[in-house]
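The structure appears right after this line, and notes come after that.
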Amino acid sequence: MSTEEKPATAPRSLAEALRGRDDASLAALLRSRPDLVTPVPTDLTQLATRAGTRASVVRALERLDRFALQTAQALAVAADPATYEELLGLLAGDDGDPAVAAALPHALGTLREQALVWGGDDRLRLVRTARELLSPSPQHPSPTGLGPSVREATAGMSPGRIQEIVATAGLPSTHDSVSAVASLGALFTDRTRMAALLDQAPHESVEVLDRLVWGPPYGQVTADPAARLRWLLDRGLLLPTAPGTVVLPREVALHLRGGRAHRVPEPVPPPVEAATTHRPQVVDATAAGQAYAALTTVEDLLKDWDEGGPAVLRAGGLSVRDLKRTAVALDVPEPVAAFWVELAYAAGLLASDGEADERYAATPAYDEWRERPAAERWTRLATAWLAATRTSGLVGGRDAKDRPLSALGPGLDRSVAPEVRHRVLALLAGLPEGAAPVPGSVLARLRWERPLRGARGGVAGVAAGEGGRGPGGSPAERGPGAGHSPAAEGAGGSPAGGPAGDGDGDDLRSRLARWTLDEAEMLGITGRGALSAHGRALLGAPAPRRPEAEPEGPGDKLPVHHRPAPPPVPLSPAEQATAAAAAARLLAPLLPEPLDHVLLQADLTAVAPGPLQRPLADVLGVLADVESKGGATVYRFTPGSVRRALDAGRTAADLHAFLAAHSRTPVPQPLAYLIDDVARRHGHLRVGAASAYVRCDDDAVLGEILADKRAAGLGLRRLAPTVLAAQADPAGLLEGLRAMGFAPAAESAEGDVLITRADARRTPPRSAPEPVPDGPPVPDDTLLAAAVRAVRAGDLAATAPRRPTAGDRAGNDGLPRTGAAETLATLQAAVLTGEALWIGYVNAEGAASQRVIAPVRVEGGFVTAYDHTADGVRTYPLHRITGVAELADDEG
């Protein structure tokens with residue numbers, strides 16, 4: 001219906017359009033654009049103003065999918081206002097496109113919901129800021145590749161030149177430039193007359209137009225253009241914009257394009273394709289194996305740092321050398337080692353100790369984590385990974401100031417990372433059970449859903465013709481044989497020839513998606529590339545629907561898997577805890593049961609045929625060294641490992657009893673001899689602090705040490721037949737004597753043997769790092785309902801009709817102004833009559849506001865009233881009320 005038919009109902013501004021929405025629609029707007037609700041707007045006019053600010057519009061445009069963005073770009077080059085039919089023509093072209101026609105209502109609904117477009121189908125308006133960002137200009141070509149309109153391109157042209165162009169194009173001359181430009185524009189938009197004009201064009205001139213038609217529309221010409229260019233310039237098919245620069249008018253380009261604003265409209269999201277399909281049982285078993293390996297890797301990492309990990313760099317983080325050492329210890333590549341280090345940090349299991357000589361070590365939470373069941377330990381790692389904004393894939397790169405990015409160091413937070421991880425796993429959840437995706441199809445889908453989030457320069461880059469060139473960048477003529485290379489079109493790196501492909505792999509979201517696929521496999525969320533059952537439960541995703549059971553929406557002709565997916569809704573803490581518990585229940589039966597035994601071998605090794613129970617694994621990890629891992633772990637007993645167990649407070653009898661109790665095979669004689677031999681010599685020497693001293697009941701042993709050349713660096717001298725003093729500190733003395741083949745024991749100042757525990761090094765209590773939010777958080781339903789009520793009430797107060805009164809009732813700030821006596825009398829009268837009043841109020845901070853109140857009581861210098869603006873009873877000091885005015889009726 002035209003505007004003339006409904007003049008009373010057509011909104012004249014975005015604020016009026018918002019005023020016509022219901023509460024559910026306003027809540028949907030605040031949910032999709034949470035920056036609008038912080039702080040809560042006072043009324044709908046302020047909400048509309050905030051929704052039109054550049055920062056908010058840029059954020060909203062960055063969250064549009066590709067077709068919704070193409071729709072906004074088409075509106076930016078359409079007339080203002082435009083009709084639905086004009087918009088459909090720009091997107092579908094003269095020949096029409098059923099897929100575009102089917103998808104346009106949804107895309108336009110998205111733009112309306114986010115307050116980027118307002119007005120009825122007969123008067124569609126793009127908000128001014130979005131139009132400024134997406135409209136073409138000489139400095140910023142449109143993402144569509146279209147140039148300025150004839151009216152815009154001829155704005156600075158002389159009237160005489162305009163009349164010459166009109167006459168050469170075969171149009172009658174006019175009395176003014178405005179009508180001449182309108183006549184030329186009407187010619188270019190008339191398909192029949194335009195086709196007749198182009199039929200007269202030389203073949204070389206048509207070739208020039210073909211080079212410019214898909215953009216950039218600008219080219220360079222010489223002072224004396226060739227005949228093929230002169231023909232176009234004389235008829236306005238090319239218009240000068242600056243000396244040496246010409247542009248193809250928008251109307252001409254649209255005619256040559258068949259009415260389409262985009263070379264390749266993309267109304268349908270690219271499907272996520274399945275590369276291979278495995279049995280769900282195989283996927284779950286593989287993922288469970290990876291999950292258990294992940295737990296083992298994190299334990300090995302922190303066990304290696306039990307006695308104090310690497311030092312913290314002055315700028316923060318691990319040094320390259322320490323990362324390499326960690327990678328060697330874990331037997332993984334350095335990028336994988338960085339992932340495990342960052343994962344332990346994100347889960348709160350690892351932190352710096354805060355000492356003067358700052359080092360990394362396990363936190364007290366690590367000890368508590370180790371005592372939990374394996375499935376619960378895994379869910380803690382997985383949920384920490386899903387929510388973390390720290391991105392280990394950036395380790396080894398450089399920041400914006402060309403500083404290296406190190407593991408555990410600053411600069412690794414990327415606020416979009418959790419969203420990408422959730423979305424990638426959600427796409428996997430949409431595939432049939434056991435299906436592994438084609439990675440390229442996942443990346444293509446992500447680029448379609450958020451084309452601007454990963455693009456270099458974001459919205460500003462796209463508005464400036466990202467991938468294309470500005471004026472003079474694509475020549476219409478450079479000498480006699482000038483040519484032109486069409487520029488890229490679309491947002492986010494999509495070439496003009498088609499949708500974005502795998503070649504666009506440098507944007508952040510694509511890299512995050514590839515890292516997500518790899519990290520999810522290492523963590524055991526996926527198995528063989530497919531999402532596991534416990535991974536699906538961790539997301540809170542429902543079981544996959546069978547294709548034949550998927551209903552189509554009313555009037556929706558697109559296949560279900562081609563429809564745009566709704567934006568992911570983050571789980572609340574309670575929902576995430578429920579999902580983690582469900583994932584743990586599914587994973588627990590798939591994890592191997594810990595064993596309580598090993599197989600001792602005659603070659604001083606022990607074979608663990610599977611994972612060991614926690615006490616057995618802890619003791620065996622001290623008593624022996626891990627020689628190899630795999631399906632079975634091989635431990636090797638050495639004099640050093642046995643001495644380590646003795647240092648931890650074990651006796652030879654304890655070790656013999658322990659091995660006999662946990663071995664399915666008899667204790668080999670060589671192992672028994674090894675334990676007895678080390679125990680016999682252990683503690684024979686005692687080292688204490690003098691600087692350091694050595695004492696031994698056998699003075700011959702001390703004489704042997706003094707005679708050994710390897711003891712020269714220890715600075716030993718005999719104080720008594722059984723005591724040696726040393727210049728080295730106790731720790732250095734212990735290491736030196738052990739290197740010489742002795743088995744000394746450390747003792748305290750009281751002469752007691754010091755027991756050293758493997759897990760003695762812990763940091764003070766530390767909390768896990770907080771993720772860096774990606775903008776304001778999405779408000780919950782309670783906050784949305786309260787915000788909508790507050791905005792409605794404030795709007796009622798701002799728009800309530802005032803009863804005209806004699807005198808100047810309002811100040812320059814729009815607040816009512818009355819004297820103290822008149823204010824008091826009016827309030828007291830309103831208490832008796834029950835009428836609502838309009839008041840001005842200044843709070844303790846000096847902020848002025850206007851309110852609609854229904855006074856209940858006036859006493860003691862205060863007025864108690866029902867405040868329609870706040871939707872509640874409030875009490876206000878009379879001295880802070882600037883004035884009162886009556887409303888036109890009692891609707892307040």
Side-chain angles (χ1 to χ4, degrees), residues 70-71 73-80 82-97 100-101 135-138 141-154 157 162 165-172 180-219 228-241 246-265 468 474 476 484 486-487 489-490 496-497:
Q70 288 183 330
T71 303
Q73 292 167 351
L75 273 174
V77 297
D80 186 27
T83 65
Y84 183 87
E85 289 72 20
E86 291 171 348
L87 177 61
L88 178 60
L90 286 171
L91 291 168
D94 295 341
D95 298 332
D97 186 336
V100 170
S135 293
S137 68
S142 167
T144 62
L146 292 170
S149 64
V150 173
R151 180 179 58 82
E152 295 166 345
T154 57
M157 190 176 293
I162 294 176
I165 292 175
V166 168
T168 307
L171 299 172
V181 170
S183 175
L184 191 62
L187 169 64
F188 292 162
T189 55
D190 188 319
R191 294 287 188 265
T192 303
R193 290 194 294 160
M194 189 64 176
L197 177 63
L198 292 177
D199 286 343
Q200 305 171 16
H203 177 71
E204 296 81 1
S205 299
V206 175
E207 287 182 345
V208 172
L209 295 179
D210 290 340
R211 296 190 188 105
L212 296 173
V213 64
W214 291 109
Y218 296 92
R228 61 182 182 276
L229 295 175
R230 175 54 62 189
W231 194 93
L232 298 172
L233 288 167
D234 290 344
R235 289 156 181 80
L237 298 175
L238 290 180
L239 293 172
T241 60
V246 295
V247 67
L248 180 68
R250 186 185 309 166
E251 295 85 347
V252 178
L254 286 173
H255 174 83
L256 296 173
R257 295 180 177 195
R260 285 183 290 144
H262 297 85
R263 189 169 193 171
V264 181
S474 34
H484 171 71
E489 179 226 347

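Quantities reported herein were computed from a predicted structural model and do not represent experimental measurements.
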Nearest-0.5 Å distance, OG1 of residue Thr154 to CD1 of residue Ile162: 5.0 Å

Please round to the nearest 0.5 Å and tell me the distance separating atom CD of Glu251 and atom CG of Leu256. 12.0 Å

For Asp199, does the CG atom have more than 12 heavy-atom neighbours from other residues, nucleotides or ligands under 6.0 Å away? yes

May I ask you to decide if Val213's main-chain N or O and Arg257's side chain share a donor-acceptor pair within less than 3.5 Å? yes

Do Pro148 and Val247 touch side chain to side chain, with heavy atoms closer than 4.5 Å? yes

From Leu187 CG over to Met194 CE, what is the distance, rounded to the nearest 0.5 angstrom? 6.5 Å

Side chain proximity check, Val77 to Gln73, heavy atoms < 4.5 angstrom: no

pair Leu248-Leu238: side-chain heavy atoms closer than 4.5 Å: yes

Out of the candidates Thr144, Thr71, Val100, only one should pair with His262 under the side chain to side chain contact (heavy atoms under 4.5 Å, CB included) rule; please name it. Thr144

Are the side chains of Val206 and Leu198 in touch, meaning some heavy atoms are under 4.5 Å apart? no

Could you tell me which non-hydrogen atom of Leu88 sits nearest to which non-hydrogen atom of Ala101, and how far apart they are? CD1-CA, 3.9 Å

Looking only at side chains, do His203 and Glu207 share a donor and an acceptor under 3.5 Å apart? yes

Between Met157 and Pro240, what is the shortest heavy-atom contact and its length? CE-CD, 3.8 Å

Which heavy atom of Val166 sits nearest a heavy atom of Pro172, and at what distance? CG1-O, 3.4 Å

Arg193, CZ atom: more than 12 neighbouring heavy atoms under 6.0 Å: yes

Taking the six-membered ring of Trp231, is the NZ or CZ of Arg228 close enough (under 6.0 Å from the centre) and on axis enough (within 45°)? no

Could you walk me through whether Asp94 and Arg191 pass side chain to side chain contact (heavy atoms under 4.5 Å, CB included), step by step? CA-CA 10 Å; Asp94 295 341; Arg191 294 287 188 265; 2.8 Å; yes

Which value, rounded to the nearest 0.5 Å, describes the distance between Ile165 atom CD1 and Ser183 atom OG? 12.0 Å

Please test Thr241 against Val246 for side chain to side chain contact (heavy atoms under 4.5 Å, CB included), starting from the C-alpha separation and ending with a verdict. CA-CA 6 Å; Thr241 60; Val246 295; over 6 Å; no

Minimum heavy-atom separation for Ala76 to Ser135, with atom names? O-OG, 3.2 Å

Here the pair of heavy atoms bringing Leu146 nearest to Ala253 is CD2-CB, 3.7 Å

Find out whether Asp190 and His255 are in side-chain contact, i.e. whether some heavy atom of one side chain is under 4.5 Å from a heavy atom of the other. no

Using side-chain heavy atoms (C-beta onward) and a distance below 4.5 Å, is Leu209 in contact with Leu232? yes

So do Phe188 and Leu237 actually touch side chain to side chain, heavy atoms under 4.5 Å? yes

Are the side chains of Arg235 and Leu197 in touch, meaning some heavy atoms are under 4.5 Å apart? yes

